[in-house]
Amino acid sequence: MAWFAEQSEWMNALPRLVWQETRPEFEGEITLVLFGPAKQAGLSPTDLAERLSDFWPTLRLDDGSPLVQQAQAVGGFLNLSLTQPYWRWRWSQGYALTHGTGDQEFKPETIVLEYSSPNTNKPLHLGHVRNNLLGDAMYRILSSLGHRVIRVQVINDRGIHICKSMLAWQKFGQGQDPRSAGVKGDHWVGQFYVEFERAFQDQVQELVGQGRTRDEAENEAPILIEAREMLQRWEQGDPEVVGLWKQMNSWVYEGFEVTYQRLGIGFDRNYYESETYLLGKSLVERGLQQGLFRRDESGAVWVDLQDRGLDSKILLRSDGTSVYITQDLGTAEQRQHDWVFDRMIYTVANEQDYHFKVLFAILDKLGFPWAARCYHLSYGMVDLPQGRMKSREGTVVDADDLMDEVQNLAAAKLAESEKLTHLSGDQKNTLALEIGLAALKFYLLKVDPTKRMVYNPVEALDLQGHTGPFVQYAHARLSSVLVRALSESPQGSTHANGLSYEKWNATERFLLRQFSQWKPSVEAAAKENNPSHVADFAYGLATAFNRFYHECPVLQEPDPEAKAFRLALCRQACTLLKESLGLLGIAAPERM
RNA sequence: GGUCCCGUAGCUCAAUGGAUAGAGCAACUGCCUUCUAAGCAGUAGGUUACUGGUUCGACCCCAGUCGGGAUCACCA
């Protein structure tokens with residue numbers, strides 16, 4: 001709306017003009033909030049509106065037609081109705097994200113985007129699913145605006161946790177593998193992690209029975225000592241242990257890959273902790289030489305961040321081994337080396353807010369100029385209606401089970417429908433997954449990521465109302481109209497834009513107005529790292545279309561101009577629904 | 001205890017410091033002989049946790065109180 005300000009010197013003198021969408025209950029499309037400017041000008045809002053009344057008619061489009069049809073002051077608000085020529089012009093400009101007006105200041109960036117990053121001792125669960133969907137949606141949103149986005153994850157493949165699974169497999173696995181046992185690889189390895197914990201707890205109980213304290217028992221349990229020995233042998237490169245480690249991890253990766261594919265997400269590069277932790281150690285050594293860190297009497301290395309309002313943090317243990325944050329330092333530098341990124345985004349749950357403050361502070365202390373361009377995309381935990389997920393109580397929602405559930409529900413709905421009886425079994429399965437995933441993805445993405453949320457299975461599986469399938473359904477109805485139109489008239493009116501039609505009704509105009517929200521919604525989502533703005537757009541457009549569909553016949557419309565106009569509205573609505581769903585990683589089936 | 005986050009309809013969530021705080025679910029009314037009823041139209045549901053402050057204007061900003069969560073490991 002820059003052209004308003006450019007038109008008038010004295011309007012330029014009024015700072016901080018606030019524009020907003022006119023609320024539906026008032027006439028007009030765009031509203032100028034007059035309170036602030038009125039105060040600056042020493043006028044009452046009504047007086048200011050009066051002074052402005054001569055101004056609006058002077059605004060013209062390039063072809064000389066008027067821009068503002070009517071300006072109506074209501075209290076401190078000035079509601080402007082824009083002319084049909086404006087909307088027609090706006091529509092003719094198209095709604096593409098990467099072209100068109102206002103792009104002068106846009107600079108494409110190289111963005112490293114980390115998400116998922118699971119441990120390799122357990123299958124993925126609901127929390128990972130929120131993480132994955134957020135990361136995937138941000139990838140799609142940032143890419144759609146023209147950025148180069150590199151999707152990465154860090155694989156925590158090293159450490160005591162994986163040794164526990166390895167040891168339990170040696171003891172209880174009876175030489176079986178996922179294939180022979182008929183279990184998905186990540187679940188298979190997860191089972192042995194649980195087996196380990198069980199055996200460990202049994203041994204602790206026994207030791208406590210023999211008179212040890214719980215702390216002593218937890219330190220002395222033979223199976224834990226064995227696991228620690230295994231970790232040492234791994235660090236020394238013992239071929240047998242390393243071979244087993246590779247085997248276990250490959251089973252996990254196979255399992256993860258199946259889950260990722262079904263969920264529809266992927267990565268451009270994996271960073272393995274086992275490959276970057278040494279790099280982290282050398283960074284710490286360098287900082288030590290530069291006097292940025294200090295070594296205490298026991299030999300442990302610390303960084304003091306009290307000058308930045310943070311505490312001291314250990315970087316290397318007294319035995320010289322690295323801790324969690326050490327590998328993050330190394331991985332970060334490796335990524336800057338690999339991609340020379342402008343920005344790096346870490347999609348990690350908000351329980352690690354402090355960890356990332358510390359990480360970025362250390363990177364800054366080490367003198368990396370890009371440290372300030374690292375960002376923690378922090379998201380809230382997913383709770384169940386009865387509270388937090390707890391593995392001990394068996395309430396963890398498994399990602400694969402979750403997808404089965406949503407697919408089965410959608411399949412049941414399809415089976416009772418009489419619309420799609422001609423589809424094959426495979427086609428129905430694919431469609432059921434697309435619809436089920438739409439429900440799941442939309443449910444998780446429509447919420448502000450920073451907020452803790454509740455996953456209620458009953459609501460998440462809903463296919464009606466404020467849901468993904470609702471939006472898909474609008475798209476399917478549109479597709480159906482467009483297919484029929486095409487078969488009616490293969491080259492004819494389907495390509496006319498209907499722009500000469502002038503008798504728009506309120507419903508048509510409202511639908512057209514929605515289109516203009518597309519780019520602002522995507523830009524807001526990118527700026528705030530919040531895909532819910534895109535979900536909002538999709539839902540709002542679907543709602544506007546449903547009303548239009550109900551009130552305005554398209555194919556039966558006798559007036560050819562009106563029909564062509566409505567068909568053009570349908571084509572645009574269909575495209576934008578599909579694209580907005582696409583940015584959320586949701587399929588847009590043509591029938592359902 | 002220190003630090004950080006959160007508290008909006010019965011439930012789940014919206015609302016760049018702006019108009020009468022909006023949706024969906026659940027409840028209740030209507031609408032399929034008409035392009036897909038996974039839809040549309042409507043009714044009902046609120047002291048935005050509480051108390052002050054700033055402002056022409058506060059769910060939003062500030063202070064305090066209460067309630068919930070996270071974090072403060074030589075765990076990852």
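Residue numbering restarts at 1 for every chain, and letters A, B, ... go by the order of the sequence lines.
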* If you pin Gln556(A) and Ile435(A) to their nearest nucleotides in RNA chain B, which one's is more 5'? -> Gln556(A)

* To do: Report which part of the nucleic acid Val554(A) touches: base, sugar-phosphate, or nothing (heavy-atom distance under 4.0 Å, all strands).
  => base

* Asked: So, is C32(B) syn or anti if syn means the angle is within 90° of 0?
  -> syn

* Looking for any heavy atom pair under 4.0 Å, which part of the strands does Cys570(A) touch: base, sugar-phosphate only, or nothing? -> nothing

* Asked: How is Lys451(A) classified with respect to the nucleic acid when contacts are heavy atoms under 4.0 Å: base, sugar-phosphate, or nothing?
  -> sugar-phosphate

* Round to a whole Å and report the spacing from OH of Tyr354(A) to P of U3(B). => 13 Å

* Phe26(A) aromatic ring stacked with six-membered ring of A19(B), 5.5 Å and 30° -> yes

* Structure fact -> Whole-Å distance, Phe442(A) CZ to C25(B) P, equals 13 Å

* Asked: Judged by atom type as modelled, is there a donor-acceptor pair below 3.5 Å linking the side chain of Asp157(A) to the main-chain atoms of Ser274(A)?
  -> yes

* Asked: For C74(B), does either OP1 or OP2 sit under 4.0 Å from a side-chain N or O belonging to Ser318(A)?
  -> no

* **Nucleotide G42(B), atom C1' - distance to CD of Glu551(A) in whole Å** => 14 Å

* Check whether NZ of the Lys or CZ of the Arg Arg130(A) lies under 6.0 Å from the centre of the six-membered ring of Tyr379(A) and within 45 degrees of that ring's axis. => no

* Structure fact -> In whole angstroms, the gap separating P of G39(B) from CG of Asp462(A) amounts to 9 Å

* To do: Starting at atom CZ of Phe77(A), determine the distance to atom C1' of G17(B), rounded to an integer number of angstrom.
  => 11 Å

* Asked: Taking the six-membered ring of Tyr277(A) as reference, does the NZ or CZ atom of Arg158(A) fall below 6.0 Å from its centre and within a 45° cone about the axis?
  -> yes

* **Arg23(A) CZ to A23(B) C1', straight-line distance once rounded to whole Å** => 13 Å

* Indicate, with a heavy-atom threshold strictly under 4.0 Å, whether Asn119(A) touches base, sugar-phosphate, or nothing. => sugar-phosphate

* Considering the options Leu32(A), Thr31(A), Ile30(A), which one meets the side-chain contact (heavy atoms from CB on, under 4.5 Å) requirement together with Asn79(A)? -> Thr31(A)

* Asked: Can you tell me if the side-chain N/O atoms of Arg452(A) get under 4.0 Å from OP1 or OP2 in C13(B)?
  -> no

* G39(B) base stacked by Tyr549(A)? Criteria: ring centres under 5.5 Å, plane angle under 30°. -> no

* Using a cut-off of 4.0 Å on non-hydrogen atoms, how would the nucleic acid contact of Glu25(A) be classed: base, sugar-phosphate, or nothing? -> nothing

* Asked: Tyr539(A) stacking on A23(B): centroids under 5.5 Å, ring planes under 30°?
  -> no

* Whole-Å distance separating the CZ atom of Arg591(A) from the P atom of A38(B) -> 16 Å

* **Side-chain (Glu508(A)) to main-chain (Asn505(A)) donor-acceptor, under 3.5 angstrom** => yes

* CD of Glu21(A) versus C1' of G18(B): gap in Å, rounded? -> 15 Å

